[in-house]
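Encoded as structure tokens, the structure appears first; notes follow it.
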Amino acid sequence: MHIFRTHNCNELRLKDKSKPVKLSGWVHRKRDHGNLLFIDLRDHYGITQVVIDKSNKNFSLAEKTTSESVITIAGKVTPRSEESLNKNLPTGEIEVAVEEYIIESGAKPLPLEVNSDKDYGEDTRLKFRFLDLRRAKMQKNILLRNKVISLIRDGMIKQSFTEIQTPILTASSPEGARDYLVPSRVHPGKFYALPQAPQQFKQLLMIAGFDKYFQIAPCFRDEDSRADRSPGEFYQLDYEMSFVTQEDVFSALEPVLFDIFTKLTKNFSISKPPFKKIPFDECVKKYGNDKPDLRNPLILSDVTDIFKGSSFKLFAENINKGSIVIAIPAPNSKDQPRTFFDKLNNWAKDEGQGGMGYIQFIKNEGKGPIANNLDKERINKFLKIEGVDGNSSIFFLCGKSDEIREFAALARTKIANELKLIKENEFKFCWVVDYPMYQLNPETNKIEFSHNPFSMPQGGLKALENEEPLKIKAYQYDIVCNGVELSSGAIRNHKPEIMLKAFELAGYARKELEKEFGGLLKAFDYGAPPHGGCAPGIDRIVMLIAGEPNIREIIPFPFNQKAEDLMMNAPAEIDEERLKELSLKVLDLKMKD
RNA sequence: GGGGGUGUAGCUCAGUUGGUUUAGAGCGCCUGCCUGUCACGCAGGAAGUCGCGAGUUCGAGUCUCGUCACUCCCGCCA
């Protein structure tokens with residue numbers, strides 16, 4: 001017999017009765033009846049009840065065993081009597097009557113209970129992550145993560161993508177987030193950087209002729225954390241394809257996502273490929289931002305023209321000063337009481353807005369303070385807005401274009417939630433396409449790349465030379481699910497002359513470009529295929545399927561909010577010797593105060 | 001760097017307008033009893049610098065100020 005186990009803890013059934021077996025696992029829970037003791041023995045696979053009584057020489061040893069100790073028992077599979085069946089356990093028809101009992105590794109009193117789903121503070125959970133990971137929810141989430149990754153591999157390999165690793169120690173990139181830097185021993189004063197994404201490498205792989213590449217790619221960015229953003233590192237499904245249009249990039253990913261979401265959820269309705277495509281400009285107009293939650297049926301409308309020059313002075317005057325007015329419909333709200341509108345108005349004020357006015361239509365008749373100050377002709381125009389009928393209400397937000405659209409996106413979600421319009425069991429995907437190539441930095445008043453500088457501008461060199469830069473679109477796109485931005489991607493710019501011009505418009509001199517992106521730029525001079533790709537965030541996909549609002553719930557060993565690993569004690573101070581080796585000197589930080 | 005929320009037993013939390021003795025509950029832990037439980041039960045016990053510091057007050061877990069920690073958000077995230 002094997003020294004540790006003949007079966008795992010989720011294997012034994014009635015058909016195994018009378019078999020001599022050996023099991024190993026953790027003491028999940030003990031029920032001590034004095035002369036009779038039940039132990040729920042747990043391993044990765046499940047739980048089996050083992051029973052031992054006073055007649056056994058090991059009884060007192062078993063009684064003394066603490067929760068989460070690791071034990072090995074040998075004994076006989078015994079059917080349970082009718083009254084003592086446990087229908088909640090797959091192994092609930094049997095138990096194992098203990099003969100041999102060995103404590104492999106005792107456990108001290110626990111800082112957190114493995115056998116409960118009680119909430120613990122995150123510092124406790126992260127400090128004792130190995131215990132936290134034993135708990136049912138974390139086991140489930142990590143297994144889900146594994147399934148997502150394995151379905152990604154299956155789906156990509158099936159489409160003849162080649163999985164290729166790219167360097168972890170590479171060069172710092174000038175654009176984007178802060179890099180994590182690694183000092184070089186061999187080259188004093190010089191640094192490697194961890195990649196923020198394998199962007200340049202995947203383009204070089206296309207130029208190298210690998211045609212279709214993918215990788216479960218670790219990405220490192222030194223950013224501050226959010227609930228949906230782990231500081232330090234995260235993973236992307238990074239992929240890139242040669243000789244493709246935007247449509248080809250989409251149709252490579254769509255079946256993979258559809259497959260993952262379909263196989264790993266129950267009773268959810270999932271967008272079927274091809275996913276909806278929404279141009280960026282239209283998206284911002286209709287939803288307020290570029291990551292729409294399409295489960296929400298409400299659509300924003302610009303009603304500035306209707307209020308312009310009207311007798312509703314508050315809006316009319318602000319419009320003259322350059323403000324716009326956005327309408328958000330609230331369908332079937334003729335019976336909503338005054339408090340419904342007051343509540344939302346107060347919410348808007350709490351969020352720092354002037355307020356959120358409204359018109360309530362009851363049988364085509366407009367009511368409320370705004371309606372009282374507007375002529376009938378204008379009021380009737382509201383009935384023609386998308387998503388509005390004679391029993392709707394309309395909320396209005398007035399302000400400067402960019403800021404008020406951003407808030408309208410929040411209000412759209414808030415109103416839909418209040419009216420319970422968002423279905424919980426849906427995953428709705430869309431592509432946001434035609435991103436602008438450039439945007440104006442309001443602080444410096446300079447033109448900068450709005451997204452990825454390597455994207456191909458629509459219209460190519462001609463557009464860059466002849467058109468107003470802020471009007472140029474790029475073959476640049478995002479994929480969004482339920483209001484969560486999963487990734488962005490682009491058809492790349494593979495022509496050096498277009499790239500030089502594109503960077504020139506963003507204020508980069510040729511020399512600068514050659515210094516920062518020399519490797520890639522040089523490669524374009526030796527036969528570069530047209531190519532494009534995308535890189536959806538794996539952590540966010542797992543979050544969506546797991547229904548977890550916090551990214552740290554689906555990462556085995558995440559940093560805390562301050563980018564520390566409390567279990568491994570990272571980051572940590574380094575010996576003087578090793579600093580010297582790296583030609584580094586730590587400044588006295590107290591000097592700063 | 002900025003804003004909001006939280007901080008009471010090992011853990012999760014309650015604690016009224018500032019006033020009732022020794023600041024409570026559940027889980028965990030320790031002791032005893034218990035041979036059919038499955039969140040076993042019963043009886044008892046240990047366990048607290050109410051984050052820290054100052055202030056107001058006859059009196060502070062409770063109010064004020066400062067500070068620290070945790071958490072969510074803004075900035076940041078080509």
Side-chain angles (χ1 to χ4, degrees), chain A residues 28-42 47-56 59 63-64 66-68 78 80-89 91-92 95 97 107-128 131-132 172-179 195-197 199-200 219-232 234 350-352 406 410 435 437-439 441 443 448-455 474 476 485 487-490 502-503 506 508 516-517 535 537 549-550 552 560-562 564 566:
Chain A
H28 187 66
R29 190 169 270 130
K30 266 182 359 183
R31 289 174 294 280
D32 190 348
H33 291 236
N35 293 313
L36 175 74
L37 169 65
F38 297 98
I39 295 173
D40 289 339
L41 190 62
R42 184 197 73 237
I47 286 176
T48 301
Q49 174 168 282
V50 306
V51 60
I52 183 168
D53 72 17
K54 211 176 185 175
S55 63
N56 190 301
F59 185 71
E63 262 193 320
K64 270 193 300 194
T66 52
S67 281
E68 293 306 307
T78 317
R80 298 203 201 179
S81 70
E82 191 66 37
E83 316 84 67
S84 59
L85 296 176
N86 185 344
K87 286 179 183 130
N88 300 320
L89 283 183
T91 60
E95 64 197 5
K108 290 206 279 192
L110 302 167
L112 60 87
E113 289 161 40
V114 172
N115 62 19
S116 84
D117 52 9
K118 191 158 96 178
D119 255 339
Y120 287 88
E122 232 179 21
D123 39 351
T124 307
R125 293 182 57 198
L126 292 180
K127 191 166 178 190
F128 295 94
L131 287 178
D132 190 38
S172 176
S173 63
E175 299 268 334
R178 274 182 296 271
D179 291 310
Q196 296 184 25
Q199 180 65 36
Q200 293 189 61
C219 303
F220 305 90
R221 294 179 193 175
D222 186 1
E223 304 163 323
D224 287 332
S225 82
R226 288 289 182 277
D228 64 350
R229 200 170 74 194
S230 185
F234 62 96
D350 287 345
E351 295 285 317
E406 208 172 298
L410 287 181
Y435 272 80
M437 185 80 189
Y438 300 102
Q439 64 191 18
N441 182 327
E443 277 166 30
E448 56 184 30
F449 289 110
S450 74
H451 245 74
N452 187 323
F454 303 111
S455 302
Q476 166 82 45
E485 183 195 317
S487 87
S488 56
F503 274 81
Y508 285 83
E516 304 292 0
F517 305 104
N550 192 306
R552 296 187 288 277
N560 69 4
Q561 243 182 7
K562 284 184 172 168
E564 297 164 312
L566 299 176

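This structure is a prediction, so every number in the text was calculated from the model and none was measured. A note on names: the letters A, B, ... follow the listed sequences, proteins ahead of strands, and every chain is numbered from 1.
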In whole angstroms, the gap separating C1' of B/rA39 from CD1 of A/Ile39 amounts to 17 Å
For the C1' atoms, the ones on B/rA9 and on B/rG24, what distance do you get once it is rounded to whole angstrom?
10 Å
Looking only at the side chain of A/Arg226 (C-beta and beyond, no hydrogens), which of the listed nucleotides B/rC74, B/rC77, B/rC38 gets closest?
B/rC74
Under 4.0 angstrom between A/Gln561 side-chain N/O and B/rU71 OP1 or OP2
yes
Donor-acceptor pair (no angle test) under 3.5 Å: A/Arg29 side chain, B/rC40 base:
no
Can a side chain N or O of A/Asn550 be found less than 4.0 Å away from OP1 or OP2 on B/rU71?
no
Where each residue is assigned the nucleotide of RNA chain B containing its nearest heavy atom, which of A/Glu564 and A/Glu223 is assigned the position nearer the 5′ end?
A/Glu564
Given atom CZ of A/Phe128 and atom C1' of B/rU12, what is their separation to the nearest angstrom?
17 Å
Would you classify A/Asn86 as touching base, sugar-phosphate or nothing, given that sugar-phosphate means primed atoms plus P, OP1 and OP2, and contacts are heavy atoms under 4.0 Å?
base
Rounded distance in Å - CZ (A/Arg221) to P (B/rC76)
15 Å
From CG of A/Leu566 across to C1' of B/rC70 the rounded distance in Å is 11 Å
Write down the distance separating the C1' atoms in B/rU57 and B/rU12, rounded off to the nearest Å.
34 Å
B/rG48 and B/rG10: how far apart are their C1' atoms, nearest whole angstrom?
12 Å
Quiz question: going by heavy-atom distance under 3.5 Å, is there a donor-acceptor pair between the base of B/rC77 and the side chain of A/Arg229?
yes
Taking CG from A/Leu112 and P from B/rC11, how many angstroms apart are they, rounded to a whole number?
11 Å
Is it the case that the base of B/rG36 and the side chain of A/Glu95 share a donor-acceptor contact (distance under 3.5 Å, atom types as modelled)?
yes
For A/Lys562 and B/rC70, is the shortest distance between a side-chain N/O and OP1 or OP2 below 4.0 Å?
yes
Take atom CD in A/Gln439; do more than 12 heavy atoms of anything else shown fall under 6.0 Å from it?
yes
On the 0 to 90° scale, with breaks at 30° and 60°, tag the A/Phe454-A/Phe517 ring pair as parallel, tilted or perpendicular.
perpendicular
Proximal nucleotide (of B/rC70, B/rA39, B/rG36) relative to the A/Asp123 side chain
B/rC70
Between atom CD in A/Glu485 and atom P in B/rC76, what is the gap in whole Å?
15 Å
Answer with base, sugar-phosphate or nothing: what part of the nucleic acid does A/Tyr120 contact at a heavy-atom distance below 4.0 Å?
sugar-phosphate
Letter per nucleotide, 5' to 3', of nucleotides 24-35 of chain B [B base touched, S only sugar-phosphate touched, - untouched; heavy atoms, 4.0 Å]:
--BBS-----BB
Take atom P in B/rU21 and the same atom in B/rA39, then report the distance between them in whole Å.
38 Å
Checking all strands, does A/Gln199 fall into the base, sugar-phosphate, or nothing category for heavy-atom contacts under 4.0 angstrom?
base
With rounding to whole Å, what would you report as the distance between B/rG7 and B/rG53 at their C1' atoms?
15 Å
Side-chain donor-acceptor contacts of residues 33-40 of chain A below 3.5 Å, not counting sequence neighbours, with atom names and distances?
| residue | atom | partner | partner atom | Å |
| --- | --- | --- | --- | --- |
| A/Asn35 | OD1 | A/Lys54 | NZ | 3.2 |
| A/Asp40 | OD1 | A/Arg31 | NH2 | 2.9 |
| A/Asp40 | OD2 | A/Arg31 | NH1 | 3.0 |

Can you tell if the side chain of A/Tyr120 reaches within under 4.5 Å of the side chain of A/Phe128, non-hydrogen atoms only?
no
Whichever of A/Gln196 and A/Ala227 has the more 5' nearest nucleotide on RNA chain B, that residue is A/Ala227
Heavy-atom check, side chain of A/Thr91 versus side chain of A/Gln49, under 4.5 Å
no
Of the options B/rC72, B/rC11, B/rU37, whose atoms approach the side-chain atoms of A/Arg552 most closely?
B/rC72
For A/Pro231 and A/Ser225, work out which heavy atoms get closest and say how close.
CD-CB, 3.4 Å
Could you check whether atom NZ of A/Lys127 has more than 12 heavy atoms from other residues, nucleotides or ligands sitting under 6.0 Å from it?
no
On the nucleotide B/rU37, are OP1 or OP2 found under 4.0 Å from the side-chain N or O atoms that A/Arg31 carries?
no
pair A/Asn560-A/Asp123: side-chain heavy atoms closer than 4.5 Å
no
Could you tell me the separation between the CG atom of A/Asp132 and the P atom of B/rU12, rounded to a whole number of Å?
12 Å
Side chain proximity check, A/Arg42 to A/Asn115, heavy atoms < 4.5 angstrom
no
Interatomic distance, A/Arg80 CZ vs B/rG36 C1' [rounded to whole Å]:
10 Å
